[in-house]
Amino acid sequence: MPCIKPPQPEKGNELKEESFIREGKGKLRVVIEGSERLETTMNGSLKSVEEIAEMIGTEAKDGKIETVVDGVKVKMEKGKLELEFENGDKMRIEKI
């Protein structure tokens, strides 16, 4: 079928959308919990609490973020980010 193409991960590096993750050294564990649980590891590191606070338009207090942005609960401290969506799905990214 001509409409199905193999994945091209090199094209993902050109995306301009903001991300909580920066390329580089380190390893992260990404866990998504919804109707099923998915877990993977990836190379990279989390951006700082201050950088993410600026991205989502809030302030970090005592090196932590606890806020709701567009219906998504955001909790972050150094090395760990948790997102809880309106439908109950959760995503956790943490340094390992």
Side-chain angles (χ1 to χ4, degrees):
M1 298 178 77
C3 62
I4 298 175
K5 298 178 183 173
Q8 297 174 332
E10 65 279 355
K11 285 191 174 186
N13 293 335
E14 297 174 19
L15 294 176
K16 298 297 180 195
E17 292 191 27
E18 293 202 57
S19 174
F20 299 128
I21 299 170
R22 71 167 54 96
E23 291 183 36
K25 297 179 182 178
K27 285 217 180 254
L28 296 171
R29 176 181 296 122
V30 180
V31 179
I32 300 171
E33 296 175 351
S35 57
E36 59 183 270
R37 178 184 163 101
L38 303 170
E39 184 173 333
T40 190
T41 58
M42 62 184 296
N43 293 325
S45 61
L46 275 172
K47 289 187 177 179
S48 72
V49 174
E50 292 76 19
E51 287 174 299
I52 291 179
E54 185 177 325
M55 284 172 57
I56 63 175
T58 190
E59 290 186 27
K61 295 180 181 132
D62 300 322
K64 295 182 181 182
I65 299 172
E66 286 193 39
T67 190
V68 176
V69 178
D70 294 332
V72 178
K73 291 181 188 176
V74 179
K75 290 171 130 180
M76 182 177 188
E77 58 188 49
K78 185 176 179 172
K80 186 175 183 180
L81 172 67
E82 295 179 9
L83 304 171
E84 184 175 343
F85 301 92
E86 290 178 325
N87 66 358
D89 291 354
K90 297 179 183 179
M91 181 171 73
R92 187 173 64 246
I93 303 171
E94 58 191 2
K95 181 180 174 180
I96 53 173

Worksheet, complete the sentence: The complete set of side chain to side chain donor-acceptor pair (under 3.5 Å) pairs with one or both residues in residues 59-71, sequence neighbours excluded, reads none
Residues in salt bridge (charged side-chain N to carboxylate O under 4.0 Å, His left out) with [X], at least two apart?
X	value
Lys27	none
Glu77	none
Glu84	none

Pairwise distance [atom1]([X]) to [atom2]([Y]) - rounded to 0.5 angstrom:
X	Y	atom1	atom2	result
Leu28	Glu94	CG	CD	9.0 Å
Lys73	Glu82	NZ	CD	11.5 Å
Ile93	Leu83	CD1	CG	6.5 Å

Count I, L, V, M, F, W, Y as connected when their side-chain heavy atoms are under 4.5 Å apart, and connections chain through other members. Are [X] and [Y] then in the same cluster?
X	Y	answer
Val74	Met55	yes
Val68	Met91	no
Ile65	Val72	yes
Met76	Val69	yes
Phe85	Leu81	yes

Worksheet entry | Any donor-acceptor N/O pair, Lys47 side chain to Ser19 backbone, under 3.5 Å | yes
Item to complete: Just do the side chain to side chain contact (heavy atoms under 4.5 Å, CB included) check on Val30 and Met42 with the steps written out, would you?
Response: CA-CA 8 Å; Val30 180; Met42 62 184 296; 3.9 Å; yes
Worksheet entry | Glu39 with Arg29: basic N within carboxylate O range, under 4.0 Å | yes
Please name all residues satisfying side chain to side chain donor-acceptor pair (under 3.5 Å) with [X], sequence neighbours left out, ordered by chain then number.
X	value
Glu33	Arg37
Arg92	none
Glu36	none

Worksheet item: If every non-hydrogen atom of Ala60 is compared with every non-hydrogen atom of Ala53, which pair is closest and at what distance?
Response: N-CB, 3.9 Å
